[in-house]
Amino acid sequence: MAIATLGAVQKGIFVSCSAGNSGPSASTVANSAPWIMTVAASYLDRSFLTIVKLGNNQVFRGASLYHGRRPGTKNLPLVYGKTASAHDDQGAVYCINGSLNPKLVKGKIVICERGMNGRTEKGEQVKMAGGVGMLLLNMEDEGEEVLADPHILPATSLGAMAAKVIKNYVNITKKLVALIVFEGTVYGSPAPVMAAFSSRGPSSIGPDVIKPDVTAPGMNILAAWPPTVSSTWLKSDKRSVSFNIISGTSMSCPHVSGLAALLKSVHPDWSPAAIKSALMTTSYTVNNIRSPISDAKNFNTFEPATPLAFGSGHVDPERASDPGLVYDITNSDYLKYLLVLVMGEMNLSVIVKGCNFFAWVEESAHTCEKKVGDSSQKTMSLQNETVKEKLMMELEVERRAMLRESKFCESLIIKFVNIQFH
């Protein structure tokens, strides 16, 4: 991916890629090459609010896209684990296929923990067993980030803190009841907030370059959806929609791609690096109430997010159109970075393509046979610091020489093969 996108950037094509959805652990960021705009995901100020009230009057806020009858359920009996189990108490905790006993579940709200099967699939199992509602609980490591899903029955996601209280309620109360209220679309929440699932830096490959580069809306995003596929992917779900609510860095990345296209239309002479520079230097790091951007993984500690989560900050298209100053990068800058990056390893074979020559470099020896107009490559074995320094000079001298002799060679593209570590 990195090499292919380098070729695109060398042709003047801006490349943005998702940072990945493996957060909040450190060094999970993907697509971290410096010529790629790596995009993290954050919240909008819009949420799809639910209210859960237990029989002891404790109240919790959750999220759901369920849009059935309003306001929601009435007070209904609540079952969990062994009180809902057909034969496997552990399976019933996660509401996996065949784990729920219809005699115990019918007409009740079932508590299901995340894990082992899909979130909406759990609701399907509850409905098939005769249940009329579901409370979907986060595990401790999933924190307070609640995902809004288009459930096929009245259901809501709840954070880890609510999950802990609800489980305690189950353990100490004989007559368990709960109700779910669906508030629909609600605006005005503090935003942006970094999504806990958004992958984090530093990059394990090039930790000297902070990644991701920026963040953009990627939580609960309205997106086009094929009407031939149900919004939940469940075979039992016969609903057909043209749009769905999706979360992920695959939602935030297209926002930035679109912004890059707008900037290119305003500044047609800008290079991909200049566009990247404008978006990064004009991004912001405070939310809509002028506090530092927070992190969903830290909801219980209230610690702000860091550049390893949001990079330079949240993109601002209006400011990016007139940044005042842009930093440009040439293709040779990227090549030099790559050479320095890989030369830290011993006995590394590298192919350099793009110029019209064919050469081998082995320690201090070097032969060269020019093939003007041909696809060409250069194979090198890097053994010591002297060879590395010599190689850097040779590449630049040969590139300039070939530029004089042939118009086919405009830049160097690098590809790595046969990496050996000792």
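For the single chain, residues carry numbers from 1 onward in sequence order. We use all heavy atoms of the structure for the numbers below, so side chains are in, but hydrogens, waters and symmetry mates are not.
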Presence of salt bridge, K297 and E142, under 4.0 angstrom: no
Is it true that S257 and S16 share a donor-acceptor pair across their side chains at a distance under 3.5 Å? yes
If we only count heavy atoms from C-beta on, is the I96 to S99 side-chain gap below 4.5 Å? yes
On a heavy-atom basis, the closest approach of R46 and N220 is NH2-O, 2.6 Å
Is V193 close to I293 at the side-chain level, that is, under 4.5 Å between some pair of heavy atoms? no
Does a sphere of radius 6.0 Å around CD1 in I205 hold more than 12 heavy atoms from other residues, nucleotides or ligands, not counting ones at 6.0 Å or beyond? no
Nearest 0.5 Å, please: how far is CG in L137 from CG in L158? 6.0 Å
Pairwise side-chain contact, V15 with P272, heavy-atom cut-off 4.5 Å (strictly under): no
For a side-chain hydrogen bond (donor to acceptor under 3.5 Å, both in side chains) check, start with the C-alpha distance between N31 and T38, then their side-chain angles and the critical distance, and finish with the verdict. CA-CA 6 Å; N31 302 311; T38 310; over 6 Å; no
Should I246 and I221 count as side-chain neighbours, where that means a heavy-atom distance under 4.5 Å? no
Around atom OH of Y327, are there more than 12 heavy atoms from other residues, nucleotides or ligands closer than 6.0 Å? no
Please report the shortest heavy-atom distance between P202 and S27, naming the atom on each side. O-OG, 2.9 Å
Expected output: side-chain S18 to main-chain T249 donor-acceptor under 3.5 Å: yes
N101-S85 side chain donor-acceptor pair, cut-off 3.5 Å: no
R61, CZ atom: more than 12 neighbouring heavy atoms under 6.0 Å: no
Looking just at side-chain N and O atoms, do Q10 and Y334 make a donor-acceptor pair shorter than 3.5 Å? no
Which distance, rounded to the nearest 0.5 Å, do you find between the NZ of K122 and the CE of M116? 7.5 Å
Check D333, N331, T5 against W35 for a side chain to side chain donor-acceptor pair (under 3.5 Å) and give me the one that passes. T5
Any side-chain donor paired with an acceptor under 3.5 Å for E145 and Y43? yes
Verify whether one side chain among S32 and S203 offers a donor that lies under 3.5 Å from an acceptor in the other. yes
Tell me, with the steps shown, if I111 and V170 meet side chain to side chain contact (heavy atoms under 4.5 Å, CB included). CA-CA 10 Å; I111 298 172; V170 169; 3.7 Å; yes
Are any of the side-chain heavy atoms of K167 and E113 separated by less than 4.5 Å? yes
Euclidean distance, L76 CG relative to I109 CD1, rounded to 0.5 Å: 4.5 Å
Is a side-chain donor or acceptor of S283 paired with a backbone partner of M280 at a separation under 3.5 angstrom? yes
Does T281 form a side chain to side chain contact (heavy atoms under 4.5 Å, CB included) with S312? I'd like the steps, not just the answer. CA-CA 7 Å; T281 58; S312 295; over 6 Å; no
Which is it for D316 and T282 under the side-chain hydrogen bond (donor to acceptor under 3.5 Å, both in side chains) test, yes or no, and what are the steps along the way? CA-CA 6 Å; D316 186 331; T282 59; over 6 Å; no
Quick one: sort the W225 and W233 rings into parallel, tilted or perpendicular, breaks at 30° and 60°. perpendicular
Donor-acceptor pair, distance only, cut-off 3.5 Å: does the side chain of S22 make one with the backbone of T28? no
Who pairs with H267 by side chain to side chain donor-acceptor pair (under 3.5 Å), at least two apart in sequence or on another chain? none
Which heavy atom of S42 sits nearest a heavy atom of H314, and at what distance? OG-CD2, 3.5 Å
Quick one: do the S231 and N244 side chains pair a donor with an acceptor below 3.5 Å? no
Apply side chain to side chain contact (heavy atoms under 4.5 Å, CB included) to residues E144 and N138 and explain how you reach the verdict. CA-CA 7 Å; E144 300 308 305; N138 277 7; 6.0 Å; no
Is the closest basic N to carboxylate O distance between D295 and R200 below 4.0 Å? yes
Between T156 and S64, is there a side-chain donor-acceptor contact under 3.5 Å, judged purely by atom types and distance? no
Give me the atom names and distance for the closest heavy-atom approach of F14 to M37. CZ-CB, 3.6 Å
Within this structure, what is the CG-CD distance for the pair L234 and E124, rounded to the nearest 0.5 Å? 4.5 Å
Under 2.5 Å between the SG atoms: is that true for C17 and C253? no
Do T185 and F48 come within less than 4.5 Å of each other through their side chains, counting heavy atoms only? yes
Quick one: list whatever passes salt bridge (charged side-chain N to carboxylate O under 4.0 Å, His left out) with R239, sequence neighbours left out. D237
With side chains defined as the heavy atoms from C-beta onward, is the minimum distance between V9 and I13 less than 4.5 Å? no
Does Q125 form a side chain to side chain contact (heavy atoms under 4.5 Å, CB included) with N97? I'd like the steps, not just the answer. CA-CA 6 Å; Q125 292 300 314; N97 185 24; 3.3 Å; yes
Neighbour count above 12 (heavy atom, 6.0 Å) for I210 CD1: no
When every non-hydrogen atom of P212 is compared with those of L308, the smallest separation belongs to CD-O, 3.5 Å
Rounded to the nearest 0.5 Å, how far apart are NZ of K238 and CD1 of I152? 11.0 Å
Looking at every heavy atom in both P292 and P304, which two are closest together, and how far apart are they? CB-CB, 3.9 Å
Do the side chains of P192 and L44 get nearer than 4.5 Å, heavy atoms only? no
Listed pairs under 3.5 Å, donor-acceptor, residues 51-58 side chains, sequence neighbours left out:
unit_1, atom_1, unit_2, atom_2, d
N56, OD1, Q58, N, 3.1
N56, ND2, Q58, OE1, 2.9

Let me confirm one number: the CG-CG distance from L135 to L78, rounded to the nearest 0.5 Å. 5.5 Å
